[in-house]
Amino acid sequence: MITDPCVGVEHLLQPYLDRALSEAEVRTVEQHLESCSYCNARYVFERELRATVRNCCCEEPAPPGLVERLRLRCCGQDG
């Protein structure tokens, strides 16, 4: 079952994986992941997805501006 703490952790999950959180935020995420199987499963999925993408061989460089276009399209953010 998804609860309000899950929503907060969901917003912190990507920065957590990027190691871009404060120590207090890291503790919050880790404590929640220990007690919530739903969020822990999401974390494991995201971590493994990142590892898979990182390990893929790609000979061709991304076109200029691709990251910015994807960010705008997917997130509606400028950066």
Side-chain angles (χ1 to χ4, degrees):
M1 179 175 171
I2 302 172
T3 63
D4 287 343
C6 296
V7 174
V9 168
E10 182 178 9
H11 291 292
L12 295 174
L13 193 55
Q14 295 304 321
Y16 176 75
L17 287 161
D18 292 336
R19 299 180 182 166
L21 297 177
S22 69
E23 289 181 31
E25 290 169 319
V26 167
R27 280 193 303 275
T28 297
V29 171
E30 289 177 348
Q31 287 173 350
H32 183 78
L33 293 177
E34 287 175 12
S35 64
C36 180
S37 60
Y38 175 81
C39 288
N40 191 55
R42 290 195 59 182
Y43 162 71
V44 170
F45 173 81
E46 292 292 338
R47 184 187 67 203
E48 290 176 0
L49 177 62
R50 284 176 175 226
T52 300
V53 170
R54 190 172 34 253
N55 291 328
C56 288
C57 295
C58 184
E59 304 285 327
E60 190 174 317
L66 176 63
V67 172
E68 292 79 14
R69 290 193 313 271
L70 288 173
R71 184 176 294 123
L72 285 170
R73 186 171 220 173
C74 295
C75 308
Q77 298 175 354
D78 292 325

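Note on V53: it clusters hydrophobically with F45, by side-chain heavy-atom contacts below 4.5 Å among ILVMFWY residues. Under the 4.5 Å side-chain heavy-atom criterion for grouping Ile, Leu, Val, Met, Phe, Trp and Tyr, L12 is connected to V44 within one hydrophobic cluster.
How far CZ of R73 is from CZ of R71: 15.5 Å, rounded to the nearest 0.5 Å. Distance CD/E23 to OG1/T28: 12.0 Å, rounded to 0.5 Å. Rounding to the nearest 0.5 angstrom, the gap separating the CZ atom in R50 from the CG atom in L17 is 4.5 Å. Taking OH from Y38 and CD from E10, the interatomic distance works out to 6.5 Å, rounded to the nearest 0.5 Å.
Residues Y16 and E30 bring a donor and an acceptor atom of their side chains to less than 3.5 Å of each other.
P63 approaches R69 most closely through the heavy-atom pair CB-NH2, 4.5 Å. The two atoms that bring V29 and L21 nearest to each other are CG2-CD1, 4.0 Å, heavy atoms only.
C36 places a side-chain heavy atom less than 4.5 Å from the side chain of C6.
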